[in-house]
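Numbers here simply count residues along the sequence, with the first being 1. Counting starts at 1 for both ligands and their atoms, in listed order.
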Amino acid sequence: MISFDKAYETVMASSFRMGTEEVPFTAAAGRVLATEILSDIDMPPFNKATVDGFACRLEDIEMELAVIETIPAGRLPEKAIRKGECSRIMTGAPVPDGADCIIMVEDTVLLPSGFVKFTGVNTKANISFRGEDIKKGEAVLHPGKLLSPQDIAVLASVGAVSATVSIKPLIGIISTGDELVEPQYVPAMSQIRNSNAWQLIAHSEKTGCESRYYGIARDDEAETFNIVNKAVSECDILLLTGGVSMGDFDFVPSVLERAGVKILFSRVRVQPGKPTTFGIHEKCLVFGLPGNPVSSFIQFELLVRPLVYRMMGHEWKPMSLDLVIDDNYRRRSSDRLGFVPVRISPEGTVKIIDYHGSAHINSMSMADAVMSVPEGRSEIRKGEIVHVRQI
Ligand code: AMP
Ligand code: MG
């Protein structure tokens, strides 16, 4: 049995880079950028008013100012500002030559004479200067960026209407177990619904991958072998759930070996997830995840998620926090690194969720983080600082 850190290193060291493809920028959110994006313009492209008001010379703001034109957004000024003059200007409009500030409309009165008088104490420039955000030719986004909605705005603003991104890894998913029925059926006594496959499909897609579902393999070596054999030739990553424990019908490790998968580890000092198995087939990385849904969720989060991001060129780190725990926590054994579903309260403390073990998927559904419990620790007292990572 290896440590979790060793398992993590082994998985990450086995990663390979996906190729790239070009997509319209509108489809690029959630994808990992493969090239540098340069700005084709200065931003802002001209000196821009940041408030509605009057463009004038700072040295004239004590004077009564003659209004010489109105400049809406989207229109060029026609007149330069001279001593004692101002132009009515709207937010986003180009600042006329000669003006070095915009006095806010709220800080002015319109005199019966038609002149404008500044009533404030002093004013900022209220001008966003040409190129102050980004200069033409400057890199605005770098390779490896996981593109967010804000990045789509950046792509739009520099006219990058397509982007080169990493191809999504294809993740194959196989459930194993004679007891499983698909969710639309009512399980008979002794049966349970297949929840893992659907969780793993959703988790894969949320992580920016394509998924391909191969169905339920019965606890039969030949059947499992046929499905695995097909899946490893088609997918970048293959996830099996169940069949990796010590039961008489846990055929997954032997089937993987027969199918040509080189097993790199098959037991990890982590709880839940001890039987997690990992190996490499020519061009496919294979995980045998435990059958219990909480275990497979957590192992996906801990091992598969960082792997797929690395395969797409994105160095991902989970959002990790050290917070005060609001409950006492105790576990029976302390020989493994533990992960426990928790909630972060509105006050920023950690609340333990009622958790009956790794089959208890509802507890995971109520969690927004997992707390790690170091090897050797079986008890944590209310008020201590604990380490949690957001899920
Ligand atoms: P196994 O690793 O095959 O021994 O399975 C461990 C436990 O997880 C057993 O209680 C299984 O019934 C359960 N299990 C296995 N596969 C699934 C699945 N796809 N969905 C939900 N529970 C499962
Ligand atoms: Mg099983």
Side-chain angles (χ1 to χ4, degrees), residues 1 4 7 171-206 209 211-228 231 235 237-259 261 263 265-279 286-304 332-333 336 338-341 355-367 391:
M1 189 142 55
F4 173 74
I171 302 193
I173 289 141
I174 305 174
S175 283
T176 71
D178 280 349
E179 74 280 30
L180 299 180
V181 293
E182 293 293 15
Q184 65 269 35
Y185 301 109
V186 178
M189 288 297 280
S190 87
Q191 294 184 319
I192 61 160
R193 285 198 171 105
N194 173 21
S195 58
N196 271 347
W198 306 102
Q199 169 173 271
L200 291 168
I201 290 167
H203 214 161
S204 299
E205 289 173 5
K206 185 184 167 199
C209 301
S211 69
R212 183 171 295 171
Y213 180 43
Y214 291 89
I216 300 170
R218 299 291 143 198
D219 286 325
D220 170 272
E221 270 200 87
E223 179 177 334
T224 310
F225 176 82
N226 288 338
I227 301 178
V228 166
C235 301
I237 295 177
L238 176 61
L239 308 177
L240 294 104
T241 82
V244 284
S245 318
M246 301 302 281
D248 291 348
F249 304 98
D250 289 332
F251 293 128
V252 167
S254 59
V255 163
L256 292 181
E257 281 187 310
R258 255 186 65 205
V261 177
I263 304 286
F265 61 79
S266 56
R267 288 286 177 276
V268 185
R269 284 203 308 281
V270 65
Q271 180 189 35
K274 180 164 81 175
T276 300
T277 298
F278 175 72
V286 183
F287 290 85
L289 299 176
N292 275 314
V294 175
S295 315
S296 64
F297 177 88
I298 288 180
Q299 293 311 316
F300 186 107
E301 195 63 24
L302 298 180
L303 296 176
V304 185
R332 259 178 261 126
S333 62
R336 287 180 278 159
F339 289 92
V340 182
Y355 174 53
H356 307 151
S358 55
H360 189 188
I361 192 60
N362 298 56
S363 66
M364 212 61 248
S365 153
M366 285 183 280
I391 55 171

Has the side chain of D219 got a donor or acceptor atom that lies under 3.5 Å from a matching backbone atom of G243?
-> no
Notebook entry, point to check: Between T176 (side chain) and A217 (backbone), is there a donor-acceptor pair under 3.5 Å?
Noted result: no
Sorted by chain and number, sequence neighbours left out, side chain to side chain contact (heavy atoms under 4.5 Å, CB included) with S190 holds for none
Practice prompt. Using the side-chain contact (heavy atoms from CB on, under 4.5 Å) rule, take I192 and V181 through it: C-alpha gap first, then chi angles, then the decisive distance, then the call.
Written response: CA-CA 6 Å; I192 61 160; V181 293; over 6 Å; no
If you look at each N/O of ligand 1, which protein N/O atoms lie under 3.5 Å away, and at what distance?
residue  : atom   : partner : partner atom : Å
ligand 1 : 2 (O)  : G243    : N            : 3.4
ligand 1 : 2 (O)  : S245    : OG           : 3.2
ligand 1 : 2 (O)  : G291    : N            : 3.4
ligand 1 : 3 (O)  : G243    : N            : 2.8
ligand 1 : 8 (O)  : G291    : O            : 3.3
ligand 1 : 8 (O)  : N292    : N            : 3.2
ligand 1 : 8 (O)  : N292    : OD1          : 3.3
ligand 1 : 12 (O) : E179    : OE2          : 2.6
ligand 1 : 14 (N) : G291    : O            : 3.1
ligand 1 : 19 (N) : N194    : OD1          : 2.8
ligand 1 : 20 (N) : S195    : N            : 3.1
ligand 1 : 20 (N) : N196    : N            : 3.3

Could you list the donor-acceptor pairs under 3.5 angstrom formed by side chains in residues 247-258, with sequence neighbours left out?
residue : atom : partner : partner atom : Å
D250    : OD2  : S245    : N            : 3.3
D250    : OD2  : M246    : N            : 3.4
D250    : OD2  : G247    : N            : 2.7
S254    : OG   : E221    : OE1          : 3.4
S254    : OG   : F251    : O            : 3.0

Contacts satisfying side-chain hydrogen bond (donor to acceptor under 3.5 Å, both in side chains) that involve residues 267-276 (not counting sequence neighbours) are R269-E375, Q271-R331
